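What you see is a predicted model; the values in this text were computed from it and never measured. Position 1 is the first residue of the sequence; numbering continues from there.
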Amino acid sequence: MKTAIDVSPSLINRTAIYRIIEDTLVGYPDSPVKILGIPIPRRFVQSRYFRAMGRRLIAGLLTSPNALLLLLPALRILLRVLTPSRPTLYFDPLYSIFEPRINKSTVIVLDLTSVTCPQFHNSRVMTLYNAALHRIAHSRCKIVSISESTKTDLWANLGIAPDTVT
């Protein structure tokens with residue numbers, strides 16, 4: 001069985017998550033790469049032009065949450081038609097918002113600061129993260145936390161049982 005790897009976060013930033021994605025891609029050379037749920041050939045993902053274009057697209061969506069929330073249902077229907085049914089590995093809950101078949105996915109949760117420390121976040125970003133976190137909490141996706149602290153936060157803030165989190 002193939003797993004698609006969502007690399008949307010690598011379009012936005014060059015922080016630790018970018019390095020984690022790069023390392024993961026090396027470990028899964030035969031897996032297709034997906035950005036916002038659409039399979040993309042690796043050579044395009046690795047090009048500077050494609051990354052710059054992707055950054056602009058995602059930044060535009062993130063700065064207009066009302067437009068994004070209106071587009072999400074249409075985007076999910078389109079993705080359900082265009083993409084094959086295969087599990088997807090998401091490096092961040094935010095990008096799972098676009099996944100029409102989230103129940104077959106794995107989502108890595110780095111932290112819950114949008115819930116536990118809202119003062120650290122822009123209100124639009126916080127709104128989107130909260131929607132993503134609540135979406136994964138009410139799905140059957142596999143949740144992977146990066147620490148015991150995050151696992152505890154998932155339980156305390158979203159009611160996700162610790163024994164269901166890897």
Side-chain angles (χ1 to χ4, degrees), residues 1-13 15-17 20-21 24 28 31-39 54 57-166:
M1 177 172 62
K2 288 187 174 182
T3 298
I5 300 173
D6 174 67
V7 296
S8 304
S10 69
L11 294 173
I12 294 176
N13 63 49
T15 58
I17 193 69
I20 293 168
I21 292 167
T24 303
Y28 292 93
S31 290
V33 175
K34 287 173 73 175
I35 295 176
L36 301 182
I38 300 171
L57 172 69
I58 293 170
L61 289 174
L62 291 178
T63 56
S64 178
N66 291 334
L68 179 62
L69 292 175
L70 291 173
L71 290 173
L72 280 177
L75 184 59
R76 285 191 188 128
I77 291 168
L78 179 65
L79 292 175
R80 189 172 289 128
V81 171
L82 294 177
T83 60
S85 179
R86 71 171 54 126
T88 303
L89 171 62
Y90 287 96
F91 287 96
D92 192 291
L94 184 60
Y95 306 99
S96 66
I97 285 179
F98 300 99
E99 176 59 64
R101 292 174 287 268
I102 193 168
N103 292 331
K104 294 183 177 186
S105 302
T106 300
V107 181
I108 298 173
V109 180
L110 303 173
D111 62 50
L112 267 70
T113 58
S114 64
V115 176
T116 60
C117 301
Q119 67 275 17
F120 296 147
H121 298 279
N122 175 295
S123 63
R124 293 177 292 206
V125 172
M126 191 176 68
T127 300
L128 292 171
Y129 266 103
N130 288 343
L133 290 167
H134 283 88
R135 185 161 188 254
I136 66 168
H138 294 98
S139 73
R140 292 186 311 269
C141 72
K142 182 175 180 181
I143 300 172
V144 177
S145 100
I146 64 160
S147 68
E148 286 297 319
S149 175
T150 300
K151 185 189 253 190
T152 303
D153 286 347
L154 285 166
W155 182 33
N157 294 286
L158 298 172
I160 300 172
D163 60 336
T164 63
V165 178
T166 304

Just wondering, do D153 and D111 contact through their side chains at under 4.5 Å, heavy atoms? no

With a 3.5 Å distance limit and no angle check, can you tell me whether R135 reaches the backbone of S96 through a side-chain donor-acceptor pair? yes

Would you please test V109 and I143 for side chain to side chain contact (heavy atoms under 4.5 Å, CB included) and show each step? CA-CA 7 Å; V109 180; I143 300 172; 3.8 Å; yes

Out of curiosity, L112 CG to I160 CD1, how far, rounded to the nearest 0.5 Å? 7.5 Å

Rounded to the nearest 0.5 Å, the CG atom of L110 sits from the CZ atom of F91 at a distance of 10.0 Å

State, with a plain yes or no, whether a side-chain heavy atom of L133 is found less than 4.5 Å away from one of L158. yes

Could you measure the distance from the NZ atom of K151 to the OG1 atom of T164? Nearest 0.5 Å is fine. 8.5 Å

T106 side chain near C141 side chain, heavy-atom distance below 4.5 Å: no

Please list, chain by chain and in numerical order, all residues satisfying side chain to side chain contact (heavy atoms under 4.5 Å, CB included) with P118, sequence neighbours excluded. M126

Closest non-hydrogen atoms of N103 and S139, given as atom of the first, atom of the second and distance, are OD1-CB, 3.3 Å

Is any side-chain heavy atom of N130 less than 4.5 Å from a side-chain heavy atom of V115? yes

Could you give me the CA-CA distance, side-chain angles and deciding distance for S145 and L154, then say whether side chain to side chain contact (heavy atoms under 4.5 Å, CB included) is met? CA-CA 9 Å; S145 100; L154 285 166; 4.2 Å; yes

Could you tell me whether the side chain of V107 reaches within less than 4.5 Å of the side chain of V144, counting heavy atoms only? no

Which value, rounded to the nearest 0.5 Å, describes the distance between I136 atom CD1 and I102 atom CD1? 6.5 Å

I'd like to check V165 versus T150 (side-chain heavy atoms, cut-off strictly below 4.5 Å). Are they in contact? no

Beyond-backbone contact of D92 with I108, side-chain heavy atoms, under 4.5 angstrom: no

Any idea which heavy atoms bring A161 and W155 closest together, and the distance? CA-CD1, 4.3 Å

Validation row: T152, P162 side chains within 4.5 angstrom (heavy atoms): no

Please walk me through it: do T113 and T116 pass side-chain hydrogen bond (donor to acceptor under 3.5 Å, both in side chains)? CA-CA 5 Å; T113 58; T116 60; 5.7 Å; no

